[in-house]
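One structure below.
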Amino acid sequence: MTTQTKPIDAYSLPTPNGQKVHIMLEELGVPWTYHRIDIGKGQQFTPEFLAISPNNKIPAIVDPEGPGGEPISIFESGAILKYLGLKFGQFYPTDARAQVKVDEWLFWQVGGFGPMLGQNNHFSVYAPEKVPYAIKRYSDETHRLFGVLNKQLADSEYIAGDYSIADIASIGWAQSWERYGITQQDFPHVHAWLERVGARPAVARGLAYGKDIPNHDLANDKEAQKVLFNQRAR
Ligand SMILES: N[C@@H](CCC(=O)N[C@@H](CS)C(=O)NCC(=O)O)C(=O)O
């Protein structure tokens with residue numbers, strides 16, 4: 001079993017994308033240090049942060065004990081989860097077929113469930129003009145994706161076989177179902193799963209991590225909106 005001597009540095013925030021990494025690190029029980037990157041204030045654009053996260057987004061990690069004993073930096077939550085799962089041999093299977101299952105649902109989350117719910121939030125809550133077409137498009141897609149997850153969980157306790165990084169990736173997004181106008185009755189298997197994974201102490205700790213400082217209230221914080229919305233290449 002791999003042991004971690006020096007803490008892993010996590011550059012993050014308690015958003016659904018950051019929470020994936022917080023949950024994973026708590027599940028692994030390895031030493032880690034939280035570095036708050038205030039994206040509403042533009043801290044994602046400093047040269048130091050861009051050097052480890054060129055897409056100017058949290059989460060990113062630096063493992064001082066990377067491959068060959070040398071430090072490694074990683075951006076993109078899916079890549080971070082896979083790296084940690086492989087390094088510590090936990091929450092990511094060793095069997096090739098089982099790995100494909102986990103990868104499918106991990107990529108489903110990072111390519112679909114997260115971005116589409118994010119766009120839904122943007123057009124339903126944050127956009128200064130309410131564009132009915134965009135709101136309907138992303139609300140429908142949110143509903144469809146929750147339906148896909150619900151079907152997947154109808155016959156299994158976890159998303160892709162045993163509890164894995166596929167579950168860890170989706171928890172933070174799925175738990176905010178209410179904001180998408182979804183009821184417990186709509187997707188009962190998703191709710192049963194959220195209760196199951198929510199009962200894990202590491203999940204509770206990972207979801208709570210960093211919340212002592214509230215995130216920006218993006219619906220009303222005009223300064224944060226200026227930083228985060230309508231970015232163009234710099
Ligand atoms: N695909 C990325 C998405 C990360 C992401 O969207 N991060 C947001 C916060 S949840 C961010 O840092 N936004 C800052 C910005 O857009 O400037 C991942 O999964 O890591």
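In each ligand, atom 1 is the first atom listed, and ligand 1 is the first ligand listed. One-based numbering along the sequence shown. Heavy-atom basis, side chains included; hydrogens, waters and symmetry copies ignored.
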Parallel, tilted or perpendicular: ring planes of F146 versus Y180, cut at 30 and 60 degrees: tilted
Protein residues that have a heavy atom under 4.0 Å from any atom of ligand 1, sorted by chain and number: T15, N17, K20, I39, Q44, N56, K57, I58, P59, E76, S77, L228, Q231
Should the pair R200 and Y163 be classed as cation-pi, given the thresholds of under 6.0 Å to the six-membered ring centre and 45° from the axis? yes
Is any side-chain heavy atom of Y158 less than 4.5 Å from a side-chain heavy atom of S164? no
Exactly one of L84, L106, I159 clears side-chain contact (heavy atoms from CB on, under 4.5 Å) with I165, and that residue is L106
Could you label the plane-to-plane angle of the Y11 and H35 rings as parallel, tilted or perpendicular, counting under 30° as parallel and over 60° as perpendicular? parallel
Any side-chain donor-acceptor pair under 3.5 Å between Q231 and N56? yes
